[in-house]
Amino acid sequence: MYPDSYIPQRLVKHFRGELTAQEHLGFVQTCDLKFGETFGYPFYLRSCAKPLQAALIVDYNLDFTLEEISLCCASHAGENCHVNLAKQLLNKIGLKEKDLKCGLHRPISKTADRNLLLSGQNETVFHNNCVGKHLMMLAICLKNGWDIENYYDIEHPVQQVIKEKIYDLCEIEEDYPITKDGCGVPVFSMPLDNMQKGYLNLFTADKYSKITKAFLEYPYIIGGEDRLDTKIMQHSKNLIAKVGAGGLCIVVNLDFADCLIVKVLDCDMQAREITTLSMLKKMNWANIPYETAIKTLHGEEIGLMKFIAL
């Protein structure tokens with residue numbers, strides 16, 4: 001179905017003293033250039049699927065505000081603004097906390113996690129970075145009269161319409177591997193070319209302008225503290241950004257209808273940030289500062305992280 005191998009590009013090196021101490025390999029792609037060759041090898045969309053899934057909010061005419069839509073697209077950091085919005089949306093659709101099957105994890109935000117520890121409270125489903133898309137799935141089930149008990153199963157109608165929507169937006173004409181994401185729902189794979197098509201078809205379509213507006217108006221809800229996608233959107237006027245686990249970041253330039261995809265094979269988040277922000281600067285899309293120094297615990301600079309693909 002697809003090749004067994006690919007040829008990645010060296011993207012980021014860590015220089016300590018006179019030696020290269022660490023390297024990160026992967027792929028960078030826009031409409032006009034490619035670093036590394038995938039030969040059509042598919043990768044899982046992970047959380048980069050969320051805005052594509054959220055297109056169904058428009059298709060089913062759900063009565064969601066732009067802020068609520070942004071939560072459905074989010075991989076949020078578990079801060080109060082995210083938790084409170086998730087509770088608000090759950091109450092709006094008329095369900096209970098037990099109906100959410102996304103599972104628990106600590107807040108991604110270091111500040112939120114520290115505050116939760118200091119308060120003596122435990123994490124809840126509302127701290128889960130995927131709670132928004134689960135709320136969307138439940139709302140679609142209610143809209144269509146579908147059972148909500150097993151909404152996470154691949155054979156459930158809501159997962160089937162999600163698959164159909166993603167395949168349509170991404171112009172997929174054959175099946176690629178499907179597995180479960182960390183939050184328990186199906187996650188689809190595809191070549192990077194199809195991810196690019198999906199994001200451009202979504203964010204340049206008048207029909208789905210609400211999704212675009214949700215990203216532009218509520219970038220902090222999309223991610224939060226120290227999240228790469230939030231940082232990109234807060235420091236630009238025309239860029240849509242979304243990160244996904246597995247070393248993915250996808251950025252759409254609304255002015256040029258172009259799409260940047262970064263895939264770091266070892267899933268290192270710092271390498272993903274350095275690669276993405278370096279590319280944005282070199283393409284004159286945005287000039288966003290980022291940390292490159294390698295420091296000791298005492299603050300002494302002993303090395304440098306550098307994007308080397310260009």
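Source: prediction; values computed, not measured.
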Asker: side-chain contact (heavy atoms from CB on, under 4.5 Å) for L277 and I232? Distances and angles first, verdict last.
Answerer: CA-CA 8 Å; L277 298 184; I232 291 170; 3.8 Å; yes
Asker: Count the heavy atoms belonging to other residues, nucleotides or ligands that lie under 6.0 Å from NZ of K306, then report whether that count exceeds 12.
Answerer: no
Asker: Looking at R10, I'd like to know if its CZ atom is crowded, meaning that more than 12 non-hydrogen atoms belonging to other residues, nucleotides or ligands lie closer than 6.0 Å.
Answerer: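 Atom CZ in R10 is not packed in, count stays at 12 or less.
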Asker: Would you check if I294 and F15 make a side-chain contact, meaning some heavy-atom pair closer than 4.5 Å?
Answerer: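 Side chain of I294 against side chain of F15, heavy atoms only: no contact under 4.5 Å found.
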Asker: Check whether I222 and Y220 end up in the same hydrophobic cluster, where Ile, Leu, Val, Met, Phe, Trp and Tyr are linked by side-chain heavy atoms less than 4.5 Å apart.
Answerer: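 They do not share one cluster, since no chain of ILVMFWY contacts under 4.5 Å joins I222 to Y220.
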Asker: Taking the six-membered ring for Trp, are Y152 and H134 ring centroids under 6.0 Å apart?
Answerer: no
Asker: List the atom of L95, the atom of D99, and the distance in Å for their closest heavy-atom pair.
Answerer: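 Closest approach of L95 to D99, heavy atoms only: CB-OD2, 3.4 Å.
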Asker: For F43 and Y6, run ring-ring contact (aromatic ring centres under 6.0 Å, His included): C-alpha distance rounded to whole Å, both residues' side-chain angles, the deciding distance at 0.1 Å, then the answer.
Answerer: CA-CA 11 Å; F43 298 99; Y6 42 70; 5.7 Å; yes
Asker: Using side-chain contact (heavy atoms from CB on, under 4.5 Å), reason through E217 and I69 one step at a time and then give a plain yes or no.
Answerer: CA-CA 11 Å; E217 294 189 20; I69 291 172; over 6 Å; no
Asker: Which heavy atom of C72 sits nearest a heavy atom of K50, and at what distance?
Answerer: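 Here C72 and K50 meet closest at O-CB, 4.0 Å.
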Asker: Please tell me whether Q270 and E291 have a donor and an acceptor in their side chains that are separated by less than 3.5 angstrom.
Answerer: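 No, no side-chain donor-acceptor contact under 3.5 Å.
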Asker: Would the number of heavy atoms belonging to other residues, nucleotides or ligands and lying under 6.0 Å from CD of E37 be above 12?
Answerer: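 Counting neighbours around CD of E37, more than 12 heavy atoms of other residues, nucleotides or ligands fall under 6.0 Å, so yes.
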Asker: Show, in sequence, the C-alpha distance, side-chain angles and deciding distance for N238 and N253, and conclude whether the side-chain contact (heavy atoms from CB on, under 4.5 Å) test is met.
Answerer: CA-CA 6 Å; N238 62 337; N253 188 316; 3.2 Å; yes
Asker: What heavy-atom pair brings E301 and A293 nearest, and what distance separates the two atoms?
Answerer: CD-CB, 3.8 Å
Asker: Of D63, I57, L89, which meets side-chain contact (heavy atoms from CB on, under 4.5 Å) against E68?
Answerer: L89
Asker: So M190 and L45, do their side chains get closer than 4.5 Å, heavy atoms only?
Answerer: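 A side-chain contact under 4.5 Å exists here.
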Asker: Are H24 and H14 close enough that some pair of their side-chain heavy atoms sits under 4.5 Å apart?
Answerer: yes
Asker: Is there a side-chain contact between M137 and K133, using heavy atoms and a 4.5 Å cut-off?
Answerer: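 The answer is yes; the side chains approach within 4.5 Å.
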Asker: Could you tell me whether the side chain of S47 and the main chain of A245 form a donor-acceptor pair under 3.5 Å?
Answerer: no
Asker: In the structure I gave you, are the side-chain heavy atoms of V264 and V12 within less than 4.5 Å of one another anywhere?
Answerer: no
Asker: Let me see the working for I221 and H82 under side-chain contact (heavy atoms from CB on, under 4.5 Å), right down to the final yes or no.
Answerer: CA-CA 6 Å; I221 297 298; H82 305 111; 4.0 Å; yes
Asker: Going by atom types only, do K242 and S75 share a side-chain donor-acceptor pair under 3.5 Å?
Answerer: yes
Asker: Side-chain contact, heavy-atom cut-off 4.5 Å: I250 with F203?
Answerer: no
Asker: If you compare all heavy atoms of H127 against all heavy atoms of H105, which two are closest, and at what distance to 0.1 Å?
Answerer: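 That would be O-CE1, 3.4 Å.
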Asker: State, yes or no, whether a side-chain contact exists between D181 and Y44 at a heavy-atom distance under 4.5 Å.
Answerer: no
Asker: Mark yes when over 12 heavy atoms from residues, nucleotides or ligands other than K210 sit less than 6.0 Å from its NZ; otherwise mark no.
Answerer: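 At most 12 heavy atoms, drawn from other residues, nucleotides or ligands, come within 6.0 Å of this atom.
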Asker: Same cluster or not: are I274 and L239 linked, directly or through other Ile, Leu, Val, Met, Phe, Trp or Tyr residues, by side-chain heavy atoms under 4.5 angstrom apart?
Answerer: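 Looking at the clustering, L239 is in the same group as I274.
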Asker: Please determine whether a side-chain nitrogen of the Lys or Arg among K163 and D175 lies less than 4.0 Å from a carboxylate oxygen of the Asp or Glu.
Answerer: yes
Asker: Could you see if V187 belongs to whatever hydrophobic cluster contains Y151? Use Ile, Leu, Val, Met, Phe, Trp, Tyr and a side-chain cutoff under 4.5 Å.
Answerer: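 Shared cluster, no.
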Asker: Mind checking the CG-OG1 spacing from D206 to T212? Nearest 0.5 Å is all I need.
Answerer: 9.5 Å
Asker: Which heavy-atom pair separates G244 from C48 by the least distance, and what is that distance?
Answerer: N-SG, 3.6 Å
Asker: Closest approach of A139 and I93, non-hydrogen atoms and distance?
Answerer: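 Shortest heavy-atom separation between A139 and I93 comes out as CB-CG2, 4.0 Å.
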Asker: How about K281: does its NZ atom have over 12 heavy atoms from other parts shown lying under 6.0 Å from it?
Answerer: no
Asker: Give me the one residue out of T276, D193, L248 that meets side-chain contact (heavy atoms from CB on, under 4.5 Å) with I261.
Answerer: L248
Asker: Flag yes if V131 and L116 sit in one hydrophobic cluster, no otherwise; membership is Ile, Leu, Val, Met, Phe, Trp, Tyr, and two members link when side-chain heavy atoms are under 4.5 Å apart.
Answerer: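 Not linked; separate clusters.
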Asker: So that I can tick it off, tell me whether K165 and D59 are bridged by a salt bridge, with the cut-off set at under 4.0 angstrom between side-chain N and carboxylate O.
Answerer: yes
Asker: Would you compute the distance between atom CG of L71 and atom CG of L135 and round it to the nearest 0.5 angstrom?
Answerer: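 Spacing of CG (L71) from CG (L135) equals 6.5 Å.
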Asker: Do Q29 and M279 have side chains that approach each other closer than 4.5 Å (heavy atoms only, starting at C-beta)?
Answerer: no
Asker: For the pair Y167 and F188, name the ring-plane relationship: parallel under 30°, tilted 30 to 60°, perpendicular over 60°.
Answerer: perpendicular
Asker: Under 4.5 Å between side-chain heavy atoms, counting indirect links through other Ile/Leu/Val/Met/Phe/Trp/Tyr residues: same cluster for M269 and V251 or not?
Answerer: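 They do not share one cluster, since no chain of ILVMFWY contacts under 4.5 Å joins M269 to V251.
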